[in-house]
Structure formats: C-alpha cells, structure tokens
Amino acid sequence: MTTVEKSAPGAILIASALILGTALGSQYLGGLAPCELCIVQRWPYAAAIGLSLVALTAVRRPAARSVVVGLCGAAFAIGGAVAFYHLGVEEGWFQGPAGCSASAIDATTVEDLKRQLLATPVIRCDEVQWSLMGLSLAGFNLIASAVLAAGCLFVAARSWRRAA
C-alpha cells in the first residue's frame, strides 16, 4: 500500500469536513439560506465523512480500504451530478423541482393565487444567491465534487490493480 493509498481516507475526511463546514458556515454565519438542492448537495460530503472515519478506524485491510475510497468516489460523483443539475436549474438549462423553482402562475381566483404564493418556498433553486466571477456555489460544488470523485476513483482503481 502506497503513501497515497494510506492517506486517502484522511484526505477525504479533511476535504469533506472543510467543504461541508464552509456550506454550514455560509448558512449559519453568512446568512445564505440553502434551497432544497443545496441541502441535497451536502449529503455526499456527510456520507464521505462517515465512510472515511470507518476506513480510518475500523478497516485495516488494503483491499477493504480501497473499496471504501471507491464508495467515497461514487458519493462525490453523485454529488457532482446533483450540482450539475442545480447549476443547470440556475442557468435555465433544466426545469427545477416543482417546489423549488419559479413556475407560471395559473391561478384563476384570488384563493388559488394565495395558495400558490404560500406554497412557493422562500429560497428558490433557480435563483443564484451568491457568485464569484460568475460561478455560483453550485458551480463551485460541481468542480469540487468532480475533483474529489476523480481522485478517489483513481486511488481506488490503482489500489485494486495493485492487489490483483
């Protein structure tokens, strides 16, 4: 087992904790309320934290550790897909979830209009709350997820080939 393979679970833990911590910090300290898709994008990082903790504390066999690293890579790939979808909703490429995006008002009565307005979430998935150089948080998450997925899957594949 190489140094990279040994240190992968620790690196995954640190990266995931930093990214999830940044998301939570921007919410609770920075006042950026997350939409539904923002919340879903946090799940893969939480899963990777749990998996990497298992790899660091309970898994001693190199082959089993590479499986855990591969699972983290799969979680990041799923997170990247959700981030891509969210970015597409923000950019108007895709229609967002019904409860999370703007929709046409088709109310025929004042009661229907009131019901539609009350059902609309305060934080919509199709509106960018914060961006840097034209890239939203979903865009930054897409990049981070892609890099982490590629790194995890590369390390896992390399470890599997070495074990075979």
Rounded to the nearest 0.5 Å, how far apart are OH of Tyr85 and CD of Gln95?
7.5 Å

With sequence neighbours left out, which residue pairs that include part of residues 51-80 fulfil the ring-ring contact (aromatic ring centres under 6.0 Å, His included) condition?
Tyr45-Phe76

If the test is side-chain contact (heavy atoms from CB on, under 4.5 Å), which one of Val67, Val69, Val68 qualifies with Leu51?
Val68

Closest heavy-atom contact between Ser52 and Ile12?
CB-CG2, 4.1 Å

Holding to side chain to side chain contact (heavy atoms under 4.5 Å, CB included), I want the full list of residues that pass it with Ala77, two or more places apart in sequence or in another chain.
Ala149

Minimal non-hydrogen separation, Ala23 against Arg42, with atom names
O-NH2, 3.5 Å

Mind listing the closest non-hydrogen atom pair of Asn141 and Gly79 along with its distance?
ND2-O, 4.3 Å

Listed by chain and number, what are the side chain to side chain contact (heavy atoms under 4.5 Å, CB included) partners of Phe154, not counting sequence neighbours?
Arg158

Applying the 4.5 Å side-chain criterion to the ILVMFWY set and letting contacts propagate, would Leu32 and Leu132 be lumped into a single cluster?
yes

ILVMFWY cluster membership beyond Ile14 - transitive side-chain contacts under 4.5 angstrom
Leu18

Kindly say whether Ala33 contributes a backbone atom to a donor-acceptor pair with the side chain of Gln129 at under 3.5 angstrom?
yes

Residues Thr57 and Leu53: closest non-hydrogen pair is OG1-O, 2.7 Å

Where the side chain of Gln41 meets the backbone of Leu37, is there a donor-acceptor pair that is under 3.5 Å apart?
yes

Under a side-chain separation threshold of 4.5 Å, the hydrophobic residues clustered together with Trp43 are Ile39, Val40, Val82

CG on Leu20 to CD1 on Ile49, rounded to 0.5 Å
5.0 Å

How long is the gap from CG on Leu153 to OG on Ser66, to the nearest 0.5 Å?
11.5 Å

All pairs passing side-chain hydrogen bond (donor to acceptor under 3.5 Å, both in side chains) where residues 9-26 contributes a residue, at least two apart:
none

Should the ring pair Phe84 and Trp93 be called parallel, tilted or perpendicular, given that the plane angle runs from 0 to 90° and is split at 30 and 60?
tilted

If you take all heavy atoms of His86 and Ala138, which pair is closest and at what distance?
ND1-CB, 3.8 Å

